[in-house]
Amino acid sequence: MNRREFITLLGGAAAWPLAAHAQQAAMPVVGFVSGMSSSASERQAAAFLKGLCEETGYLEGQNVAVEYHWLNGQYDQLPITYG
C-alpha cells in the first residue's frame with residue numbers, strides 16, 4: 001500500500017461516523033398553540049404532553065420535539081391560509 005492509498009483509506013475511515021450519523025431519521029416536531037398566555041395554559045399544555053407521551057410513546061426531547069406558541073389573546077399572529 002502506498003502513501004496516497006493509506007491517506008485515502010484513513011480519510012474515508014474518519015468520515016464514516018459522520019456519514020452514518022447524517023443518515024439518522026429527523027426528529028418529528030409537534031406544535032402546541034394556545035390563544036392564552038403560557039401561565040394560563042399551563043394545565044392544558046401539561047395534559048397535552050401527558051397524552052402525547054402516554055398515547056403515542058413519544059418522549060419530549062428524546063424522540064419528539066414540542067414547540068410551544070402562546071398568542072396571549074393576539075389572534076392576528078395566526079397566519080391566514082385559504083385552501
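Quick note: residue numbers are just sequence positions, from 1.
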Original post:
side-chain hydrogen bond (donor to acceptor under 3.5 Å, both in side chains): which pairs involve residues 41-59, sequence neighbours left out?
Top reply: Ser34-Ser41
Subject >> Linked, directly or transitively: Tyr75 and Val33 (ILVMFWY side chains, under 4.5 Å) >> reply: yes
Original post:
Is there a path from Val30 to Tyr68 through hydrophobic residues (I, L, V, M, F, W, Y) whose side chains come within less than 4.5 Å of each other?
Top reply: yes
**OP:** Measure across Glu60 and Leu49 and return the closest heavy-atom pair with its distance rounded to 0.1 Å.
**Re:** OE1-CD2, 3.2 Å
Original post:
With Ala47, which residues qualify under side chain to side chain contact (heavy atoms under 4.5 Å, CB included), at least two apart?
Top reply: none
Original post:
Should side-chain heavy atoms under 4.5 Å link Ile, Leu, Val, Met, Phe, Trp and Tyr, which residues sit in the same cluster as Leu59?
Top reply: none
Subject >> Heavy-atom pair with the smallest gap, counting every atom of Gly31 and Phe48 >> reply: O-CZ, 4.2 Å
**OP:** Any chance you could measure Asn72, atom CG, to Met36, atom CE, to the nearest 0.5 Å?
**Re:** 10.5 Å
